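Comments concern the structure below.
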Amino acid sequence: MKNSKLNYLNLLNNIQKEATTYLDGPCLIVAGAGSGKTKVLTSRVVHIINEKKAWASQILCVTFTNKAAREMQNRIGLSLDKNINSLPWLGTFHSISAKFLRRHAKAVGLNSNFTIIDKDDQSRLIKNICKAENIDVKKLSPKFILSYIDKWKNKGLLPQDVIVAKNLPLERAVLNVYKFYQERLKILNTCDFGDLILLCVVLFENNQDILNLYSKNFKYILVDEYQDTNFIQSKWLNLLTKVNNNICCVGDDDQSIYSWRGAEIKNFLTFDKLYKNSKIFKLEQNYRSTQNILSTASGLISNNNGRLGKKLWTAGQSGELVKLNCYKTGRDEATNVSDIIENKIKKKYSLNNVSILVRAIFQTREFEERFLKIGMGYRVVGGTKFYDRAEVKDSIAYLRIVYQKNDDLAFERIINVPRRSIGDTTVKLLHDWARQNKKTLEDAAFELIEQNKIKAKAKVSLLNILNLFKKWREDLKNKKHFELMEIILDESGYSKMLKDKKDFENEGRLENLKELIRAMQDFDNLQGFLEHVTLATSIDEDWNGEKINLMTIHASKGLEFDVVFLPGWEEGLFPHQKSLEEKGDKALEEERRLAYVGITRAKKEAYISFSMGRVYRGEWLESLPSRFIDELPKANIEQNNQESITKEDFDFNQDFEYEDGIESPGWKRLQRKLKNYE
DNA sequence: TAACAACGCTTTTTT
DNA sequence: AGCGTTGTTA
């Protein structure tokens with residue numbers, strides 16, 4: 001044990017060691033990209049426990065993604081005694097909040113088995129409200145309403161707290177919907193993402209005893225990615241810090257990229273105002289990237305104003321120059337990137353350590369098409385999530401309604417899937433009654449059947465499915481949750497529906513459901529599983545196999561790769577037009593930080609590229625290189641002559657199919673493969 | 001109620 | 001261009 005104790009401190013540089021061992025009182029660690037912030041955070045936890053300053057259960061550790069949480073959990077587990085291998089209070093803001101709320105649900109008007117709803121459900125609920133209130137969704141779109149609600153929640157405002165100026169009728173209308181929305185959520189015993197955090201704050205503010213319980217318990221609070229917290233999260237933290245005043249926040253102002261989600265960099269920049277006598281540490285030695293990569297990133301970010309300011313340096317090698325390539329079309333870009341990977345990268349690095357980082361997720365498509373064509377393995381991190389697939393969502397909706405009978409959104413989703421002749425008219429009937437009586441759809445169903453208000457055919461099937469719900473709820477008591485899933489899929493006729501419709505896709509759908517049942521076995525109970533489903537991030541998906549990674553730059557935060565490709569550096573795409581239109585200069589700086597995050601993901605090699613035009617929304621658009629390209633320091637960049645790229649394209653005969661002109665290794669391999677099939 | 005056509009919106013980023 | 005929603009017809 002002595003050994004491990006020495007070990008974790010010896011692995012740190014001086015400033016990291018200071019930051020790790022400074023335990024008492026608030027502190028802010030400004031940690032540049034690749035400066036070992038996760039290492040410091042985990043070492044801190046280990047140090048607190050080793051020094052017997054607190055038990056594992058007295059440490060609250062908040063991260064932004066489940067992946068980050070898991071990684072920390074692993075690292076901490078490795079460095080501690082066998083008998084303490086996990087922190088019960090390590091997780092994302094959302095997962096920890098859910099834990100608080102389940103324990104004290106009654107205090108905020110919920111039942112402890114509340115369900116958490118996602119964007120889809122939110123949207124459906126808003127649509128229902130609009131329908132009932134005769135609001136024209138074309139004039140006031142659910143998306144618009146939701147963005148407002150989100151914004152208000154991030155600022156800690158429930159409907160009664162929102163003040164709208166008289167001359168803003170639109171906002172008043174939205175507020176009106178917000179009121180109904182919150183009311184409905186309560187009746188359905190559900191919360192949305194925003195509620196998880198906001199309701200915790202409400203809980204703590206209205207129940208000093210509960211707040212005291214926790215703020216006394218948490219002797220140490222650690223927060224990762226602090227630059228991306230929003231107002232309500234910062235308040236959440238502040239409340240919990242009340243008794244012990246030991247909060248340690250880690251972050252990097254240059255990596256603040258979530259302002260559109262309500263993140264307030266102000267939290268980070270004014271940390272010392274909120275927490276008096278706080279200590280600030282700056283980690284500036286970078287252990288990740290070569291000097292050239294680092295200088296490129298630094299040069300770029302130096303164009304931003306209002307930075308806290310830090311100078312990243314490395315003791316490592318200067319490495320290769322950062323490559324800057326120009327292509328004629330988006331397709332050329334994809335082709336050439338795949339060729340570079342084939343010719344050079346693949347020989348030196350594992351594909352898992354190669355990543356293509358894009359501004360917007362649709363950009364991955366061009367690359368996917370290329371990789372499919374040449375048979376190169378890839379994974380899209382953050383594309384459609386497994387749990388977003390229709391059949392998976394349907395199955396989960398069954399579980400939800402069984403678990404929690406108030407979940408109207410689940411009820412509505414599956415009541416006529418598979419078809420049971422419970423059509424729109426019947427559902428509307430249920431809706432109207434439920435709304436008038438402030439009850440749920442299931443209550444409405446029972447009541448209206450009683451009153452004989454439902455047509456014979458629908459009535460029979462409705463009774464039938466309601467009985468099944470009842471039976472499954474019984475099953476839940478004495479069967480495993482994944483066994484229940486099989487029973488439901490069988491008895492509801494869902495499996496049969498998929499099997500009967502014999503098209504090619506349904507095979508895959510059945511496979512997905514098998515996978516779903518398998519995935520459920522990783523969880524102890526239904527509640528744990530359902531919570532995972534909604535709070536899981538897209539980044540949580542498979543990391544097995546030798547594959548190139550494709551993802552947005554946002555999704556890449558906190559990750560690192562040997563080689564990074566950054567395509568699509570064109571005005572309008574990066575920096576993105578929409579963001580500039582909405583927020584102007586502020587947005588430009590955030591876009592620049594995004595570029596900075598992208599470059600600093602690279603350990604050994606970085607390739608930046610742009611194309612002179614690409615197909616956008618079905619039509620060809622000429623484009624200009626991104627202004628960020630001009631901001632890259634020339635000394636660290638190798639700019640490739642675009643002539644050599646374009647010439648090749650002019651050479652091949654236009655009569656051929658486009659791809660016939662390509663003689664890349666990947667293309668040749670594909671040809672070989674096709675031959676082998678013949 | 002299912003099949004099909006017409007329309008219109010999309011693509012910024014996500015816990 | 002491609003998808004999902006809405007409207008029309010049998």
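Throughout, protein chains are lettered first and strands after them, A, B, ... in sequence-line order, and every chain is numbered starting at 1. Bear in mind the structure is a predicted one, so any value in this text is a computation, not a measurement. These values consider heavy atoms only, across backbone and side chains, with no hydrogens, waters or symmetry-generated copies.
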Under 4.0 Å between any heavy atoms, over every strand shown, what does [X] touch: base, sugar-phosphate, or nothing? Just pick one.
| X | result |
| --- | --- |
| A:S579 | base |
| A:S95 | nothing |
| A:F93 | nothing |

Choosing from [options], which nucleotide comes nearest the side chain of [X]?
| X | options | answer |
| --- | --- | --- |
| A:A555 | B:dT1, B:dT14, B:dT15 | B:dT14 |
| A:W260 | B:dT1, B:dT15, B:dT14 | B:dT14 |
| A:T552 | B:dT15, B:dT14, B:dT12 | B:dT14 |
| A:A360 | B:dT13, B:dT15, B:dT1 | B:dT13 |
| A:H554 | B:dT11, B:dT13, B:dT15 | B:dT13 |
| A:R359 | B:dT13, B:dT15, B:dA2 | B:dT13 |

On DNA chain B, compare the nucleotides closest to A:K143 and A:F193; which residue's is nearer the 5' end?
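Result of the comparison: A:K143.
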Between A:K578 and A:R419, just flag the one whose closest nucleotide in DNA chain B comes earlier from the 5' side.
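Nearer the 5' end of the strand: A:R419.
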In whole angstroms, how far is the [atom2] atom of [N] from the [atom1] atom of [X]?
| X | N | atom1 | atom2 | value |
| --- | --- | --- | --- | --- |
| A:N66 | B:dT14 | CG | C1' | 12 Å |
| A:F64 | B:dT13 | CZ | P | 18 Å |
| A:I117 | B:dT15 | CD1 | P | 17 Å |
| A:Q122 | B:dT15 | CD | P | 14 Å |
| A:E591 | B:dT13 | CD | C1' | 8 Å |
| A:F231 | B:dT15 | CZ | P | 23 Å |
| A:R614 | C:dA1 | CZ | P | 17 Å |
| A:E369 | C:dG2 | CD | C1' | 12 Å |

Any donor-acceptor pair under 3.5 Å between the side chain of A:H94 and the base of B:dT15?
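A donor-acceptor contact between them is present.
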Suppose we call two aromatic rings close when their centres sit under 6.0 Å apart. Are A:Y148 and A:Y178 close by that rule?
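No, the ring of A:Y148 stays outside the 6.0 Å limit from the ring of A:Y178, centre to centre.
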Output field: ring centroids A:F565/A:F367 closer than 6.0 Å
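No, too far apart.
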Single hit among A:R413, A:R400, A:K127 for salt bridge (charged side-chain N to carboxylate O under 4.0 Å, His left out) with A:D121
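Among A:R413, A:R400, A:K127, the one meeting salt bridge (charged side-chain N to carboxylate O under 4.0 Å, His left out) with A:D121 is A:R400.
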A:Q73 versus A:E71, side-chain donor and acceptor atoms under 3.5 Å:
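Side chains of A:E71 and A:Q73: no pair found under 3.5 Å.
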Would you check if A:Y258 stacks with the base of B:dT14, given a 5.5 Å centroid limit and a 30° plane limit, both strict?
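No, the aromatic ring of A:Y258 does not stack with the base.
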Residues forming a ring-ring contact (aromatic ring centres under 6.0 Å, His included) with A:F411, sequence neighbours excluded:
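Partners of A:F411 under the ring-ring contact (aromatic ring centres under 6.0 Å, His included) test: none.
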Using modelled atom types only, decide if a donor and an acceptor are shared between the side chain of A:S556 and the backbone of A:I553 within a distance under 3.5 Å.
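Answer holds: yes.
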